[in-house]
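Scroll down for the structure; my scribbles are underneath it.
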Amino acid sequence: MTAQLSGRTEAAPTPARSSAFGFGTIGMIWERELIRYLRTPSRIVTSLAQPLLFLFVLGYGIGSFIGAGSGIDFHTFVFPGVVAMTVASTAISSAISVVWDREFGFLREMLVAPISRTALVCGKAAGGATIATAQGTLMLVFAPLVGVRLTFPTVLAVIGIEALMAIALTAFGVSLASRITRMEGFQVVMQLVLLPMIFLSGALFPLNGLPWWLAVLTRINPLTYAVAPLRDVIFRVQNFPASVLERFPTDVTIFGFALPTWAELAITAAFASVFFLLAVKTLSRAS
Amino acid sequence: MAVVEVTNLQKHYGATTAVDDVTFSVAGGEVFAFLGPNGAGKSTTIGVLCTLVRPTSGSAVVAGYDVVRSPGDVRARIGIVFQETTLDKQLTAEENLRFHAVLYHVPRSQRRKRVADALELVGLADRARDLVAEFSGGMARRLEIARGLLHSPQVLFLDEPTIGLDPQTRTTMWEGIMRMRRETGVTVFLTTHYMDEADVADRIGIIDRGRIIALGTPAQMRAAAGSETVELECTDRSGAAAALQAAGYASSEQAGRLVVPVQNAEQAMPRLIAAVGGQVLSARIKEPTLDDAFLHYTGREIRDQAAEGRAGLPAGWRNR
């Protein structure tokens with residue numbers, strides 16, 4: 001055996017930086033998330049299954065109930081919501097991988113490394129957001145099937161909104177996952193946090209004309225402010241008659257004031273920052 | 001020069017004292033073993049040294065940095081192999097090491113070579129592209145040790161490195177650790193509750209109930225536990241005992257044999273046989289073991305000593 005690891009007698013190869021915030025580190029954590037994702041094709045399929053169920057099965061079921069009187073197909077209405085739902089569930093479930101990392105010990109390998117918690121969360125968020133954005137964009141393939149028209153600029157805008165939303169939700173997921181120490185907790189999060197978030201976001205039904213308590217719940221839901229811009233950019237290119245846009249406004253209204261799209265995006269970005277800081281904080285405590 | 005310097009270290013968890021005023025130091029290049037039963041405070045101490053556990057009081061300096069004040073500097077200079085595996089099973093062996101190399105800021109130009117060398121060192125070069133999920137427990141451990149050494153740490157911490165491994169795997173693993181120690185000169189700090197593992201160390205600290213109760217080389221420990229003895233099986237025990245008495249050796253009878261405590265058993269044995277005359281059927285030398293030492297210091301056997309772990313270690317692997 002001729003192999004030899006350079007000993008400590010050599011000129012110190014380890015940089016003295018402590019808690020270095022390196023882009024190399026972020027890139028590596030990001031790469032790991034992607035490798036793991038691509039290595040489990042079943043995950044890609046399963047995370048598409050639920051949105052497709054909502055889009056087609058629920059779409060046709062409810063669509064026939066509502067009828068054509070509204071001037072808009074329910075499929076068309078729900079399509080942006082289903083894209084948002086795909087992004088949200090993929091982002092949260094990939095952030096939850098922190099629980100797996102803890103269960104299988106790998107979290108320790110990362111926590112004892114001379115890297116900052118911020119870099120760790122950055123890598124996780126970047127990885128989860130990339131996967132979620134890709135998964136959400138994949139849903140756009142089904143747009144022609146439900147009669148949704150897409151243009152190139154629209155797709156770009158959708159990807160941008162998806163990415164912002166994915167970062168917010170991955171960070172949210174990491175901050176949750178850092179507190180979960182057992183596998184069962186994962187199911188709890190998915191059922192008690194993710195599903196209500198999706199239902200209360202306006203992804204599946206319009207947010208106007210709700211009873212006051214439901215209106216309040218939807219307005220404190222971070223996801224609401226990402227679903228609205230997504231629906232807005234898609235609706236903009238559908239050539240809807242004015243009556244439809246009036247009946248199904250895409251802007252979130254708070255106290256009768258309709259938020260412009262930039263404000264909704266700003267709110268999403270604000271949520272992303274808060275969740276990010278929260279994730280760094282809870283992960284620091286995790287060691 | 002001391003690479004690990006622990007002074008009056010204490011760690012309390014509520015009313016429980018896990019580590020109780022521990023002071024010791026480990027010199028550069030040394031293999032130091034913490035020997036003690038489960039729950040003795042070994043893992044807590046190693047946790048403090050690896051900056052994972054915050055000490056209640058006292059200080060610990062590792063590789064020249066205080067573990068509380070400069071945890072990042074300490075982490076960059078140590079390698080850790082935990083009791084439980086911390087590999088990503090969905091990644092290949094090579095990917096696990098590459099990930100580690102990036103996390104520990106190994107310069108990009110050196111990464112590929114270091115990873116290849118590390119895999120070669122633990123005999124996993126041909127499995128580099130295999131998923132860790134396909135590895136046996138022993139292979140995974142070897143990979144973890146390779147990973148722990150990847151960034152050329154000054155100290156390699158091994159917390160119960162062979163727990164859950166079969167005796168044969170343990171032997172090959174230890175050969176690997178000792179070879180790497182030879183080749184890299186790294187200081188090895190390990191915890192164990194296996195006596196034979198502690199025996200390969202240059203120095204042992206016996207820890208029990210959070211306190212270090214003995215510190216020294218394995219030879220010193222054994223010497224403190226009692227002297228060597230020669231055991232003789234004779235046709236006429238009382239006659240032989242009388243003959244030994246006449247030659248100046250005290251003897252006692254145990255399990256049908258005459259037990260003679262002596263200074264140097266190898267030299268004494270021929271003389272004893274000569275003194276007894278033609279009555280000796282068989283003779284053997286018995287040296288005190290670390291088990292005896294542990295018994296001597298703590299007044300009891302090491303708890304939960306795993307029987308299976310003590311079998312099958314050939315004598316040769318101790319002669320590193």
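None of the values given here were measured: they were computed from a predicted structure. FYI, side chains are in, hydrogens and waters are out, and symmetry mates aren't considered; it's all heavy atoms of this structure. Proteins come first, then strands; the chains are lettered A, B, ... in the order of their sequence lines, and each starts at number 1.
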Task: Contact check, side chains of A:Phe106 and B:Phe99, non-hydrogen atoms, under 4.5 Å - done: yes
Open item on the list: Could you work out, with side chain to side chain contact (heavy atoms under 4.5 Å, CB included) as the rule, every residue matching A:Ala163, not counting sequence neighbours?
Closed with: A:Thr133
- [ ] Please flag which part of B:Leu131 lies under 4.5 Å from any non-hydrogen atom of chain A: side chain, backbone, both or neither.
- [x] side chain
Task: Options B:Asn96, B:Leu103, B:Thr85, ranked by heavy-atom pairs under 4.5 Å with chain A, top entry - done: B:Leu103
Open item on the list: When you compare the side chain of B:Met178 with that of B:Val31, does any pair of heavy atoms fall below 4.5 Å?
Closed with: yes
Open item on the list: So for B:Gln90, is it side chain, backbone, both, or neither that comes closer than 4.5 Å to the heavy atoms of chain A?
Closed with: both
Open item on the list: If you define the side chain from C-beta out and look only at heavy atoms, does anything of B:Asp159 sit under 4.5 Å from B:Phe82?
Closed with: no
Open item on the list: Please classify the contact of B:Arg108 with chain A as side chain, backbone, both or neither, using a heavy-atom distance under 4.5 Å.
Closed with: neither
Task: chain A contact via B:Leu91 - side chain, backbone, both or neither, heavy atoms under 4.5 Å - done: both
- [ ] Using a heavy-atom cutoff of under 4.5 Å, enumerate the residues of residues 27-36 of chain A that contact chain B, numbered in order, or state 'none'.
- [x] A:Met28, A:Ile29, A:Glu31, A:Arg32, A:Ile35, A:Arg36
- [ ] Report yes if some heavy atom in the side chain of A:Leu48 is under 4.5 Å from a heavy atom in the side chain of A:Leu138; otherwise report no.
- [x] yes
Open item on the list: So, using side chain to side chain contact (heavy atoms under 4.5 Å, CB included) as the criterion, who are the partners of A:Leu277 when residues are at least two apart?
Closed with: none
- [ ] State which residues pass salt bridge (Lys or Arg N to Asp or Glu O under 4.0 Å) with B:Arg54; sequence neighbours excluded, sorted by chain then number.
- [x] none
- [ ] Identify whether the distance between the nearest side-chain nitrogen and carboxylate oxygen of B:Arg170 and B:Glu197 falls below 4.0 Å.
- [x] yes
